[in-house]
Amino acid sequence: MENSNYKNITDVNRREFLKRSVRTGAALAAVGAAGYIFHDTEGFNAEFNSKDSNANNSDKASLGKNSKIWTLPDFSIPEQAGKIAIIQGADRVKTLEAALRALGGVENFIKSGDTVLIKVNAAFAVSPILSATTHPDLLSAMVKICYTAGAAKVRVTDNPINDPASCFMLTGIEAAARQNGADLILPRDQFFENLTVDNARLIRDWPVLKTPFDGVTKLISMAPVKDHHRSGASMILKNGYGLLGGRRNIFHQDIHTIITELARMVKSTLVILDGTNTMMTNGPTGGSLSDLKPTHTLIAGTDPVAVDSFGATLLGKTARDLPHLIQSAAAGVGTVDYLSLKPAMITL
Amino acid sequence: MTQSNLKESYSKSSIIGVSIIVLLIVIAVFIFREQFNFNPAVTALSEKVALSESNLNGPDSSFGMLGGSGQYSENTDSLSQDLKSEEITSVIRLIKPLVPLTAPESFNAETLSDKINGKAELYLPAGFKSLVCQRFKISTNSDSKKFSEISEPSSNLDNSSHQTVDFSDKLWIEVFVYDMTLPENAFAVFSRQRREGSIPVLITQYAYQTENALFFVHGHFYVEMIASEPSENGVKLMTELGKTFIEDRPALASKKMEVPDLFPVKGLDLDKESITLISSDAFGFDRFDNIYTAIYTLKGSKTNKNDSTANKTDINSSNSSTTITAFISKRDSSEKAAKLVSEYAEFLVNFGGNKTDSGIDGVYAIEIMDTIELIFCSGQYIAGVRDSESLEISKHLVRNIKSRLDGVN
């Protein structure tokens, strides 16, 4: 028996070699075919895409079904870089107008014929008095100002954490947008496409809200100043979170990295940080008016890191308390030394 | 090639062959097991989709707009289980003139952040089981119609013809019922979020209201009621709603916590409102869980930190006052309590603390960062004071706490 086996090993002729090669090839082909048959080309998206397309489900929408990679355009204006205005006052409309004047006028940012996208924070379906979302008065004023400056179209969007329809309505953002002629864009399935941020660790082939950006020439980010249980603060940089789809809450485990990557991904024309009533505790949802402090400040500018760094002071913090600010500055997004930008500081 | 070489070569080939087969089997088993170990992000999404569709398919539920005559959950122990029934239209027994504004929503540990985002990290380590929530409004027919009209999002970017209703200036109330598994867990999240300047409400042992909200603990439930605007009517409605929630669950009223009552009352800030339960990692020590803390404001000099001969009468006669944090925790056994106290003392020393003489038997005294910490155990309890600038005041408070704990033991 043993001799026979040895013979098999040593006495392989051409015919035997070919037979064995064919058998090996067939085995490999069978394994490959099995892998191909069992391979799920759509992943988990298939389950959700197969459901009723009329379902009002932002998660289904946010997964996206398109693996095409795209890049968010850079909406910043190089000649307006490094500007910041800090306006103190309790009236949001007046502080916004003063801030824009201090930055040289809205004409520096919005030109005739522009299509403007305003990225609001509509994360929660709560009353605007809680200051957990972009205030409708501020949004109304900004939309009007854009149209006055000659904007052809103004859009308002966000991908909220709660149900989008209720978020936009109960926060007053929907009314503020529509009553002033802006289009409100609620996130839907076909509005997301996968995006990869260069050299990013987390935002890789991840669904990002895309369609609202179609044809957009200017981007304005508007957010309130809030305490945040996980990241320490929620301001302009954190506002970028609302462009992400999918199960983005998994990024909470690495919150400062994801905010830094969002800071690199979103390059706004102008940012407006509302510190009129700062949510000092129990953020980011708050819930009680006693969570708020009347800090009566609005910060506007073109350097989101500088704007947030000043915003941190309203929370009784510094940039050193918020690692994502330090990391974003190190990534070249802006500077935490807002004083170096010689901010216009005005009290109304 | 010799016969022995051939035999050796054959053996090696066999070993290599068998090894490869074993390796392939191990890989196959690993892959098979992984099929049942999905990323939680994916499984959570599946559950939410199912829940969302359940709500969408319910009666009269375009965007969850429900009539006011529907049933409410009668399961007083676990509200989230009842929400699977389409007949449940309210998470709480309603009072007139409130009617549901939106359908009930339910969240578990994997989906909680879909509702409260980053604040989920406060609830999850504290024993969170489920959250059910729902919005209510004052009944008016016209509002119902307008609300449902706005529910369906536009299908494209051109939505200028869409009717707009501004609901932001109307009174509505959102009720959050967190099932925290145990009363202690419910108290933990309640106490960690307690608002300064709030007004106690006498509907449960732990309840308070602010201008626009009501917060309370009832058994293992932590309940938040948040109104869309500050108003007397809103506060009144929320208080009545809270009472009905409690009345429907009388059995839970007896589930009171023991430890908060062990803190001496004298000097306790705002009576018992400063008592907080830290579920985990208290004071940066990873083995300190379920630690009750209380803030005391006591009269006495701050300068006698190292003066062990200071007269006790100085504590009460001084006009100045100092703030101290006291803490108590009940452990499984006296042995575990003693061991934990020793470990915490070592933890403080490792972080630059210096052991010193407390002057009280069995009490560790550690100076750290210009403050004094005193720690001790009494039976199953560990306790102490921290953040103190005065050894004598700390000793005075420790004696009071120790006396109460010794009495319990």
Side-chain angles (χ1 to χ4, degrees), chain A residues 2 5-6 9-10 44 47-48 51-52 55-57 59-60 63 123-130 136 155 161-166 169-172 174-175 178-179 181 183-186 188 211-212 214 228-231 234 246-247 249-250 252 255 281-285 287-291, chain B residues 1 3 6-7 9-10 13 39-42 44-46 48-49 52-53 56 63 102 105 113-122 135 147 150-155 157-160 162 164-169 172 174 176 193 195-198 210-213 215 224 226-230:
Chain A
E2 279 189 357
N5 286 333
Y6 301 148
I9 294 171
T10 56
F44 293 104
E47 178 185 351
F48 306 108
K51 297 182 186 297
D52 181 4
N56 178 17
N57 186 314
D59 281 317
K60 177 170 119 28
L63 268 174
F124 306 106
V126 296
S127 168
I129 64 164
L130 297 180
R155 297 176 187 162
I161 291 158
N162 300 162
D163 169 70
S166 52
M169 188 188 66
L170 296 174
T171 57
E174 171 160 13
R178 295 193 198 281
Q179 287 169 2
D183 283 345
L184 182 70
I185 305 176
L186 278 70
R188 295 183 68 83
T211 301
D214 290 350
H228 193 283
H229 185 78
R230 192 77 191 182
S231 63
S234 173
R247 295 300 300 170
N249 63 329
I250 62 173
H252 278 157
I255 191 77
T281 54
N282 294 312
T285 54
S288 172
L289 292 177
S290 54
D291 293 322
Chain B
M1 189 175 279
Q3 186 93 346
L6 280 172
K7 189 174 181 180
S9 174
Y10 179 70
S13 299
N39 185 325
V42 176
L45 179 57
S46 302
K48 191 176 180 194
V49 167
S52 174
E53 291 188 341
L56 285 166
F63 186 45
T102 56
E105 298 174 279
S113 62
D114 293 346
K115 183 64 181 175
I116 61 172
N117 196 11
K119 207 195 273 189
E121 309 297 332
L122 172 68
R135 298 180 192 89
F147 193 85
I150 204 167
S151 63
E152 185 60 28
S154 59
S155 58
L157 297 183
D158 181 15
N159 50 14
S160 55
H162 200 86
T164 300
V165 177
D166 186 356
F167 215 84
S168 60
D169 61 347
W172 51 273
E174 185 163 16
F176 300 75
Q193 299 177 82
R195 275 76 176 179
E196 286 185 17
S198 57
T210 64
E211 284 178 273
N212 69 308
F215 307 89
E224 292 185 344
I226 297 170
S228 61
E229 60 185 31

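Order of the sequence lines fixes the chain letters, A, B, ..., with proteins taken first and strands second; residue numbering starts at 1 for each chain. All values derive from a computational prediction rather than experimental measurement.
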S.K.: Would you say H229(A) and N117(B) are linked by a side-chain donor-acceptor pair, where the criterion is simply a distance under 3.5 Å?
M.R.: no
S.K.: Could you grab the distance from atom CG of D114(B) to atom CZ of R247(A), nearest 0.5 Å is fine?
M.R.: 4.5 Å
S.K.: By a 4.5 Å heavy-atom criterion (distance strictly below it), what part of L130(A) contacts chain B: side chain, backbone, both, or neither?
M.R.: side chain
S.K.: To the nearest 0.5 Å, what is the distance between NZ (K119(B)) and CZ (R230(A))?
M.R.: 15.5 Å
S.K.: Taking all non-hydrogen atoms of both residues, which atom of P284(A) and which atom of G118(B) are closest, and how far apart?
M.R.: CG-N, 4.0 Å
S.K.: Would you indicate whether the side-chain heavy atoms of I129(A) and P230(B) approach each other to under 4.5 Å?
M.R.: yes
S.K.: Between T281(A) and chain B, which part of the residue has a heavy atom less than 4.5 Å away: side chain, backbone, both or neither?
M.R.: neither
S.K.: Testing the basics here: between A213(B) and G287(A), what is the closest heavy-atom pair and its distance to 0.1 Å?
M.R.: CB-O, 4.2 Å
S.K.: With rounding to the nearest 0.5 angstrom, report the OG to CD distance, S127(A) to E174(B).
M.R.: 11.0 Å
S.K.: Decide yes or no for S288(A) and E211(B): does some side-chain heavy atom of the first lie under 4.5 Å from some side-chain heavy atom of the second?
M.R.: no
S.K.: Side chain from CB out, backbone as N, CA, C, O: work out which of these in A123(A) comes under 4.5 Å of a heavy atom of chain B, or both, or neither.
M.R.: neither
S.K.: Do L170(A) and R135(B) have side-chain heavy atoms sitting under 4.5 Å apart?
M.R.: yes
S.K.: Atom CD1 of I255(A) and atom CD of E121(B): how far apart are they, to the nearest 0.5 Å?
M.R.: 8.5 Å
S.K.: So what's closer than 4.5 Å to chain A heavy atoms on F176(B): side chain, backbone, both or neither?
M.R.: neither
S.K.: Between atom CD of Q193(B) and atom OG1 of T285(A), what is the distance when rounded to the nearest 0.5 Å?
M.R.: 7.0 Å
